[in-house]
2 protein chains.
Amino acid sequence: MSLRYALLGLLADEPASGYDLTRKFERALQRYAWHAQHSQIYPELGKLAADGLVEVIAEGARGRRTYAITEQGRTELRSWMLNPPDVFVVRHEFVLRLFLLSTLDPEDARAVLRPVAQESARELATLRESLDRAEATAPPGTELALGRLVAEYGLRSFQTMHDWALWALDRIDQVEAAKAARPAG
Amino acid sequence: MSLRYALLGLLADEPASGYDLTRKFERALQRYAWHAQHSQIYPELGKLAADGLVEVIAEGARGRRTYAITEQGRTELRSWMLNPPDVFVVRHEFVLRLFLLSTLDPEDARAVLRPVAQESARELATLRESLDRAEATAPPGTELALGRLVAEYGLRSFQTMHDWALWALDRIDQVEAAKAARPAG
DNA sequence: CCACACATGTAATGTGTTACATGATTAT
DNA sequence: ATAATCATGTAACACATTACATGTGTGG
């Protein structure tokens, strides 16, 4: 069901074609929230149109169809946003690997964590830079670009991941040192 | 494919039955990393056994079968852990909602964020409590337990979410106040 | 004229959820 | 006895990925 609302949400921001939406997923949503391929998006747009939640507002070259959200679609999206489930769907292969870290010996665990610490730091820097640029461009106190909220969340999440990776690396070293100190244990 | 490695990882920690594994998913993995129901776990255990990656080491009451990982299974798991993909599978309905927050007006956005701040605080308290209890029980410097890394990551994630939700609520108020101060803008 | 990006679609297969189905053991 | 928990399994359906398939417009 989430795909349906992801599409409605993107179309609530601005009209787009299936092709556009496919790229939006790749650029914005895939890394943090949700992913979908065009083979899933096109049929779903068809269903949304059949249900009256979106409509074709323009047809262009190469069979391009631009969709826009309808009033009914906005109502439906709002209702979904205001009624969250008790338990959210979470599927995060990266975090899964973190959880299984203790199945590795300390050397392997470090080999997994080092790139994590590195890449989260790099991602962090990229995000912070593009955020600073956006901040500098827009005059202060203007319209709440809610994209600002999301960016901040991404920033904090990567910071947390980075800090945690460093903490875990340190922890592994400590346990190893303790083990070396009492070889009989 | 991830389910397969999640199971191998849990069995690498200790032998377990399908029933045990189902509860481990519910308690430990579901909220952060991955979820699976028993209807998916039992067939997958069968496949893993057929592939020689796990084996039945005991049969108990009520048809209970306890599985353990094999040497081949450990090799397979290690290879998966040490070879991460370029792009991780991520599906996070909560973050998706954050992305779509900008489709709501400020009042609705606050209505979404308030329970986030509340529930993350509650979750945080629960986690911290059970962590403190575990810390007090186990002697320091002992074996690096699987649960310890998981708990720490959970703790930090919820702390991050909580702090962010408060920050976001504050930010929305600020922008609204600024708007009210210059009604012509 | 040719490569690349644009643009859409379906079929086969794999993964995941919900519902259906059954029965044993344990604690009260 | 009886309710709760333990314990496993399959079938139907929904969702998601990969592969197959086709054609158009644009820039070099």
Side-chain angles (χ1 to χ4, degrees), chain A residues 1-8 10-11 15-27 29-31 33-51 54-67 80 85-93 96, chain B residues 1-8 10-11 15-27 29-31 33-51 54-67 80 85-93 96:
Chain A
M1 277 287 83
S2 290
L3 169 63
R4 160 161 278 238
Y5 295 100
L7 290 171
L8 281 178
L10 291 174
L11 291 176
S17 69
Y19 188 84
D20 297 335
L21 292 164
T22 302
R23 282 179 314 170
K24 277 171 197 264
F25 268 91
E26 278 165 12
R27 276 187 286 124
L29 291 177
Q30 182 172 24
R31 304 201 55 168
W34 210 266
H35 188 54
Q37 270 105 330
H38 79 271
S39 58
Q40 211 184 346
I41 290 169
Y42 287 113
E44 190 64 38
L45 281 172
K47 284 184 215 160
L48 283 165
D51 293 347
V54 305
E55 61 187 344
V56 176
I57 55 159
E59 309 214 10
R62 281 165 286 191
R64 176 189 172 94
R65 258 161 295 140
T66 304
Y67 290 86
W80 182 79
D86 290 339
V87 147
F88 286 102
V89 172
V90 175
R91 192 165 292 159
H92 204 310
E93 202 190 297
L96 175 60
Chain B
M1 276 284 84
S2 291
L3 169 62
R4 160 161 278 236
Y5 295 101
L7 290 172
L8 281 178
L10 291 174
L11 290 176
S17 68
Y19 188 83
D20 297 335
L21 292 164
T22 302
R23 282 178 315 169
K24 277 171 197 265
F25 269 91
E26 278 166 12
R27 276 186 287 123
L29 291 177
Q30 180 173 24
R31 308 203 54 168
W34 209 266
H35 188 55
Q37 270 103 329
H38 78 271
S39 59
Q40 209 183 349
I41 290 169
Y42 287 112
E44 190 62 38
L45 281 171
K47 284 185 214 158
L48 284 165
D51 293 347
V54 305
E55 62 187 344
V56 176
I57 54 160
E59 309 214 9
R62 282 166 286 190
R64 177 190 170 94
R65 258 160 296 137
T66 304
Y67 290 87
W80 182 78
D86 290 339
V87 146
F88 287 101
V89 172
V90 176
R91 191 163 294 160
H92 206 311
E93 204 191 293
L96 174 60

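Below, chains carry the letters A, B, ... as their sequence lines are ordered, and counting in each starts from 1.
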- Query: With a non-hydrogen cut-off below 4.0 angstrom, is B/T22 in contact with a base, only sugar-phosphate, or nothing?
  - Reply: nothing
- A/D20, nearest nucleotide to its side chain (from C/dG16, C/dG23, C/dA7): C/dA7
- Rounding to a whole Å, what distance do you find between A/E59:CD and C/dA7:P? 13 Å
- Message: Nearest whole Å is fine: how far is C/dT15 P from B/Y5 OH?
- Response: 11 Å
- Item | Heavy-atom donor-acceptor pair, B/S17 side-chain to D/dT8 base, under 3.5 Å | no
- Measure the distance from CG on A/L96 to C1' on C/dT15 and round it to the nearest whole Å. 15 Å
- Query: What residue among B/T66, B/L45, B/D20, B/L48 forms side chain to side chain contact (heavy atoms under 4.5 Å, CB included) with B/L11?
  - Reply: B/L45
- N or O in side chain of A/Y42 less than 4.0 angstrom from C/dG9 OP1/OP2: no
- Note on the structure: Whichever of A/E44 and B/S39 has the more 5' nearest nucleotide on DNA chain D, that residue is B/S39
- Item | Ring geometry between B/Y5 and B/W80 (parallel below 30°, tilted from 30 to 60°, perpendicular above 60°) | parallel
- Query: What's the CH2-P distance between A/W34 and C/dG16, to the nearest Å?
  - Reply: 12 Å
- Query: Between B/L3 and A/Y67, who's closer to the 5' end of DNA chain C by nearest nucleotide?
  - Reply: A/Y67
- What's the NE2-P distance between A/H38 and C/dT8, to the nearest Å? 10 Å
- Query: What's the CG-P distance between A/L21 and C/dA7, to the nearest Å?
  - Reply: 12 Å
- Tell me: CE of B/M1 to P of C/dT13, nearest whole Å? 17 Å
- Residue A/Y19, side-chain heavy atoms: nucleotide from D/dC15, C/dC6, C/dA24 that is nearest: C/dC6
- Item | Nearest heavy-atom neighbours spanning A/A36 and A/F25 | N-CD2, 3.7 Å
- Item | Side-chain touch A/P85/B/E93, heavy atoms, less than 4.5 angstrom | yes
- Task: Would you mind reporting whether B/L96 and A/F88 have side-chain heavy atoms less than 4.5 Å apart?
- Result: no
- Query: Which of these nucleotides, D/dT18, D/dT10, C/dT18, is closest to any side-chain atom of A/Q37?
  - Reply: D/dT18
- Message: Would you say B/Q40 places a side-chain N or O within less than 4.0 Å of OP1 or OP2 belonging to C/dT17?
- Response: yes
- Message: With a 4.0 Å cutoff (strictly under), does any side-chain N or O of B/R65 reach OP1 or OP2 of D/dG9?
- Response: yes
- Task: Using only heavy-atom distances, decide whether a donor-acceptor pair under 3.5 angstrom links the side-chain of B/H35 to the base of C/dG16.
- Result: no
- Task: Would you mind telling me which residue lines up with the more 5' stretch of DNA chain D, B/G63 or A/K47, judged by nearest nucleotide?
- Result: B/G63
- Should we count CZ of B/R23 as having more than 12 external heavy atoms under 6.0 Å? yes
- When rounded to whole Å, the CZ to P distance for the pair A/R64 and D/dG23 reads 21 Å
- Message: Under 4.0 Å from OP1 or OP2 of D/dA16: is there any side-chain N or O of B/R91 that close?
- Response: yes
- Message: Within the 4.0 Å heavy-atom criterion, would you say B/R4 contacts the bases, only the backbone, or no part of the nucleic acid?
- Response: nothing
